[in-house]
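No experiment lies behind these values; they were computed from the predicted model shown.
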Amino acid sequence: MEAFVSIIAIALMLIGTFGIIFLKKPLDKVIMFSILDAGFVLTVVLFKYLDVALFAALAGPLSTLVFILSIVK
């Protein structure tokens with residue numbers, strides 16, 4: 001089961017990474033960034049770094065907000 005979840009986490013990170021690189025619209029990049037962040041948090045939880053996962057889960061929405069503000073300017 002853990003191998004299946006790790007494959008999903010790696011797939012989420014790859015989809016988010018390639019989406020950020022290849023998509024042109026800024027709002028599409030925000031969506032891909034959220035997908036990348038979900039895969040990253042899942043990977044951190046799989047390695048049992050729960051304190052880092054807590055920080056990433058709290059910092060994720062803030063970094064998304066900063067990313068959106070940079071697009072607006």
Side-chain angles (χ1 to χ4, degrees):
M1 184 70 174
E2 187 174 327
F4 181 68
V5 175
S6 64
I7 290 171
I8 291 174
I10 291 170
L12 284 173
M13 288 191 297
L14 288 175
I15 290 169
T17 302
F18 287 124
I20 289 172
I21 292 170
F22 293 121
L23 291 176
K24 300 296 180 195
K25 293 182 183 178
L27 290 179
D28 291 341
K29 290 182 182 254
V30 171
I31 294 169
M32 290 296 134
F33 180 73
S34 297
I35 292 172
L36 176 99
D37 188 39
F40 174 72
V41 170
L42 187 57
T43 304
V44 171
V45 169
L46 282 173
F47 283 111
K48 295 179 178 51
Y49 292 119
L50 299 180
D51 53 343
V52 177
L54 177 70
F55 177 75
L58 293 175
L62 293 175
S63 61
T64 303
L65 182 65
V66 170
F67 193 57
I68 291 172
L69 288 174
S70 69
I71 289 171
V72 172
K73 284 191 173 189

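In terms of heavy atoms, Ala57 sits closest to Val41 at N-CG2, 4.4 Å. Contact record, Leu42 with Ala9: CD2-CB, 3.7 Å, taken as the closest heavy-atom pair. The two residues Ile21 and Lys29 come nearest to each other via the heavy atoms O-NZ, 4.4 Å.
Here the OG-CG distance, from Ser63 to Leu58, works out to 11.0 Å after rounding to the nearest 0.5 Å. Remark: Leu50 CG to Phe55 CZ distance equals 15.5 Å, nearest 0.5 Å. Annotation: the span from Met1 atom CE to Ser6 atom OG amounts to 11.0 Å, rounded to 0.5 Å. Atom CD1 of Ile20 is separated from atom CD1 of Ile35 by 9.0 Å, given to the nearest 0.5 angstrom.
Other residues, nucleotides and ligands contribute more than 12 heavy atoms inside 6.0 Å of the CZ atom of Phe67.
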Margin query: If you apply the rule side-chain contact (heavy atoms from CB on, under 4.5 Å), what do you find for Leu36 with Leu12, and how did you get there?
Written below: CA-CA 6 Å; Leu36 176 99; Leu12 284 173; over 6 Å; no

Check: Where do Leu62 and Val66 land on the side-chain contact (heavy atoms from CB on, under 4.5 Å) test, with the steps shown first?
Finding: CA-CA 6 Å; Leu62 293 175; Val66 170; 5.7 Å; no

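Under the 4.5 Å side-chain heavy-atom criterion for grouping Ile, Leu, Val, Met, Phe, Trp and Tyr, Met13 is not connected to Ile7 through any hydrophobic cluster. Note: the hydrophobic cluster containing Leu23 also contains Ile15 (ILVMFWY, side chain heavy atoms under 4.5 Å, direct or indirect links). Hydrophobic clustering of Ile, Leu, Val, Met, Phe, Trp and Tyr side chains at less than 4.5 Å, counting indirect connections, keeps Leu69 apart from Ile71.
Of the residues listed (Lys24, Met32, Lys25), the one engaging Asp28 in a side chain to side chain contact (heavy atoms under 4.5 Å, CB included) is Lys25, and it is the only one.
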